[in-house]
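All values derive from a computational prediction rather than experimental measurement.
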Amino acid sequence: MRRLRVWPDLAPPFEIYHDDPEHTAPEALRTDLCIPLRP
């Protein structure tokens, strides 16, 4: 992030899950990790 000159905001990071872990193999799970950035 330093190389891109962006900095995290004070808001907490969060995850977005695109698959149901009960019906998806662990290696096929897709998750977006979201880090809020300062404006």
Donor-acceptor contacts under 3.5 Å from residues 5-14 side chains, at least two apart:
none

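Under a hydrophobic clustering in which Ile, Leu, Val, Met, Phe, Trp and Tyr are joined whenever their side-chain heavy atoms come within less than 4.5 Å, directly or via other members, I16 and L29 fall into different clusters.
Partners of E15 according to the side-chain hydrogen bond (donor to acceptor under 3.5 Å, both in side chains) rule, which considers only residues two or more places apart in sequence or in another chain, are Y17. Annotation: salt bridge (charged side-chain N to carboxylate O under 4.0 Å, His left out) contacts of D19 (sequence neighbours excluded): R30.
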